[in-house]
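Notes to accompany the following structure.
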Amino acid sequence: MIDLKKIRAEFPIFSHHPKLVYLDNAATTHKPQSVITAISDFYQKENTNIHRGIYPLAAQTTQKYEQVRNKVAQFLNAPNSNNIVYTSGTTASTNLVAHSFLNTRLKKGDEVIISAMEHHANLIPWQMICKKNGANLSIIPMNKEGELDLVSFRKMISEKTKMVAIVHVSNSLGTVNPIEEIIEISHQKNIPVLVDAAQSVAHYPIDVQALDVDFLTFSGHKLFGPTGIGILYGKEQYLSAMHPYQFGGDMIKNVTFEETTFADVPQRFEAGTTNVAGVIGLGTAIDFVNQLDRRAIINYLNDLTLDATGKLLKINGLEIVGTAKNKSSIISFALRNIHPHDVATFLGTDHIAVRAGNHCTQPVMDYFNLPGTTRASFTIYNQPEEVDFLVEKIKEIQQFFS
Ligand code: PMP
């Protein structure tokens with residue numbers, strides 16, 4: 001049994017906002033006290049730059065910074081901490097792969113495959129690199145339930161395909177995609193796969209070696225950690241063949257006016273002063289997640305999502321968008337004749353925080369012919385009563401608009 005009250009009590013936001021019903025966890029999660037304290041302690045007691053100073057305080061910060069890299073590697077079961085690149089977030093991680101990996105390999109007529117449900121962060125970087133190189137962006141279609149059509153994917157993939165980039169859990173539909181199968185199909189043709197784990201990393205244990213994934217991206221802020229810090233995991237064979245695309249301090253071996261040689265992986269991809277406090281906070285967030293009973297949390301969130309789905313479906317005129325068999329704790333819905341922004345505004349007056357709009361997945365909204373949806377996304381500090389409150393308030397909104 002998980003102690004929900006104890007978990008919730010670790011998040012100070014709820015003592016500052018006792019009425020807050022926070023159902024916007026897909027946008028960002030709140031931070032436990034341990035993470036806030038770690039960041040505050042860092043600035044109060046250490047605050048030095050990394051890889052530069054040799055005095056004790058600076059050396060200590062560098063050591064902690066690199067220890068977090070080990071921690072992230074263990075968290076993902078990466079073979080080595082050198083597989084872990086610090087970035088500013090999922091978006092930056094994807095851009096790094098697009099620019100430093102794909103850009104030099106893509107030729108006219110080549111192809112990148114993504115899916116119909118990608119977040120713009122896993123769509124636009126590939127679109128731009130394809131346009132620049134005269135390559136094509138191909139889209140794995142989905143059905144009305146929001147499930148990918150792998151039969152089409154098998155037919156699409158060819159020797160022209162140079163990269164497959166897929167979201168693990170869709171932020172607007174909640175679909176959990178069969179990434180194991182997608183990786184296997186791609187590897188049969190030796191095509192590298194990037195998995196966008198922004199929405200999955202907080203809830204599902206991820207083993208990059210078992211998955212055999214080539215690149216994996218996520219952001220600290222959706223994992224109970226700070227904003228402005230993210231991770232790119234990459235296989236050694238790919239990272240070591242990549243040319244950096246951002247240049248400056250702390251990423252070099254030797255510089256003259258004529259030539260520069262770069263530091264080893266992963267440091268060559270971390271130009272300039274990185275988010276040191278963010279790294280420290282991320283390390284503490286991973287400690288926080290590691291001490292949770294993750295199996296019990298998955299079961300709890302499955303039950304909570306099923307309960308919410310059942311109750312929402314009983315509301316006349318409410319349609320759930322994204323009804324895949326395998327879903328995470330994200331529910332998008334549309335209310336007949338009521339704009340999602342109105343729904344979110346009204347819910348907001350009752351301290352219910354949901355997201356409304358296209359969720360940075362405009363093609364998904366186009367596919368369902370909707371201006372947007374209202375999205376409730378749950379995590380470990382949400383409680384069953386919050387589902388009932390949401391349902392009650394949605395009914396009131398309907399009454400108001402009728
Ligand atoms: N991918 C998915 C599936 C997401 O949900 C998000 C954040 N909404 C991103 C990518 C981008 O993450 P970030 O803004 O932290 O870079």
Side-chain angles (χ1 to χ4, degrees), residues 21-28 114-123 139-150 152 166-178 196 198-200 203 222 301-348 352-379 382 386-387 389-398 401:
V21 175
Y22 188 77
L23 305 180
D24 197 17
N25 295 291
T28 197
I114 62 168
S115 86
M117 63 178 83
E118 296 308 320
H119 186 283
H120 296 164
N122 200 32
L123 185 168
I139 314 297
I140 308 173
M142 65 176 166
N143 62 19
K144 286 288 174 197
E145 282 71 47
E147 291 168 332
L148 293 182
D149 174 357
L150 293 197
S152 294
I166 295 290
V167 69
H168 188 185
V169 169
S170 156
N171 65 307
S172 53
L173 301 169
T175 311
V176 182
N177 284 316
D196 170 352
Q199 292 296 342
S200 55
H203 295 156
K222 294 182 201 276
L301 288 176
N302 277 346
D303 290 348
L304 193 72
T305 311
L306 273 181
D307 178 49
T309 304
K311 286 173 175 159
L312 287 170
L313 281 176
K314 287 204 182 106
I315 300 177
N316 214 345
L318 185 148
E319 189 200 343
I320 292 188
V321 183
T323 49
K325 278 184 255 353
N326 196 1
K327 271 190 76 172
S328 183
S329 51
I330 292 174
I331 305 179
S332 257
F333 59 90
L335 279 181
R336 197 184 304 134
N337 297 332
I338 311 177
H339 195 280
H341 284 168
D342 290 329
V343 180
T345 306
F346 269 75
L347 290 176
I352 302 176
V354 291
R355 170 108 181 250
N358 63 43
H359 315 290
C360 300
T361 56
Q362 228 174 293
V364 173
M365 300 303 130
D366 292 345
Y367 174 81
F368 286 100
N369 204 14
L370 290 167
T373 65
T374 307
R375 181 186 70 188
S377 48
F378 305 99
T379 193
N382 289 121
E386 293 178 315
V387 168
F389 191 57
L390 172 72
V391 170
E392 184 191 318
K393 292 297 161 189
I394 292 174
K395 287 181 184 161
E396 283 180 17
I397 293 169
Q398 278 188 320
F401 277 94

Minimum heavy-atom separation for [X] to [Y], with atom names?
X: Leu390; Y: Val354; answer: CD1-CG1, 4.4 Å
X: Glu147; Y: Lys325; answer: OE2-N, 2.9 Å
X: Lys222; Y: Ala27; answer: NZ-O, 3.1 Å
X: Tyr367; Y: Asn143; answer: OH-C, 3.2 Å
X: Ala26; Y: Ile330; answer: CB-CD1, 4.1 Å
X: Ile114; Y: Ile166; answer: C-CD1, 4.3 Å

Side-chain touch [X]/[Y], heavy atoms, less than 4.5 angstrom:
X: Ser172; Y: His119; result: no
X: Gln199; Y: Ser328; result: no
X: Asn337; Y: Phe401; result: no
X: Thr374; Y: Leu335; result: no
X: His341; Y: Pro371; result: no
X: Val391; Y: Ile394; result: no
X: Ile331; Y: Phe378; result: yes
X: Thr361; Y: Met117; result: no

Calculate, to the nearest 0.5 Å, the distance between atoms [atom1] and [atom2] belonging to [X] and [Y] respectively.
X: Asn358; Y: Cys360; atom1: CG; atom2: SG; result: 6.5 Å
X: Ser170; Y: His359; atom1: OG; atom2: NE2; result: 9.5 Å
X: Leu306; Y: Leu301; atom1: CG; atom2: CG; result: 11.0 Å
X: Lys395; Y: Asn316; atom1: NZ; atom2: CG; result: 10.5 Å
X: Glu145; Y: Thr323; atom1: CD; atom2: OG1; result: 4.5 Å
X: Lys311; Y: Ile315; atom1: NZ; atom2: CD1; result: 11.0 Å

Exercise. Should Arg336 and Gln398 be marked as a side chain to side chain contact (heavy atoms under 4.5 Å, CB included) after you check the CA-CA gap, both sets of side-chain angles, and the distance that decides it?
Worked result: CA-CA 9 Å; Arg336 197 184 304 134; Gln398 278 188 320; over 6 Å; no
Exercise. Do Lys393 and Glu396 sit within salt-bridge range, that is, some charged N less than 4.0 Å from a carboxylate O?
Worked result: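 Yes.
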Problem set entry | Chi angles and distances behind the side chain to side chain contact (heavy atoms under 4.5 Å, CB included) call for Leu173, Met142 | CA-CA 11 Å; Leu173 301 169; Met142 65 176 166; 3.8 Å; yes
For this session: Start with the C-alpha gap between Arg375 and Asn171, add the side-chain angles, then the distance that decides, and say whether side chain to side chain contact (heavy atoms under 4.5 Å, CB included) holds.
Result: CA-CA 9 Å; Arg375 181 186 70 188; Asn171 65 307; 3.7 Å; yes
For this session: Please say whether more than 12 non-hydrogen atoms of neighbouring residues, nucleotides or ligands are located less than 6.0 Å from NZ in Lys144.
Result: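 Yes, the 6.0 Å shell around NZ holds more than 12 heavy atoms from other groups.
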For this session: Please step through side chain to side chain contact (heavy atoms under 4.5 Å, CB included) for the pair Phe333 and Thr373, ending with a clear verdict.
Result: CA-CA 5 Å; Phe333 59 90; Thr373 65; over 6 Å; no
Exercise. For Tyr22, does its backbone N or O pair with a side-chain atom of Asn382 as donor and acceptor, under 3.5 Å?
Worked result: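 Yes, Asn382 side chain to Tyr22 backbone: donor-acceptor pair under 3.5 Å.
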For this session: Taking His120 for its side chain and Gln362 for its backbone only, find out whether a donor-acceptor pair lies under 3.5 Å.
Result: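 Yes, His120 side chain to Gln362 backbone: donor-acceptor pair under 3.5 Å.
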Exercise. Taking it one step at a time, do Ser200 and His168 satisfy side-chain hydrogen bond (donor to acceptor under 3.5 Å, both in side chains)?
Worked result: CA-CA 6 Å; Ser200 55; His168 188 185; 2.8 Å; yes
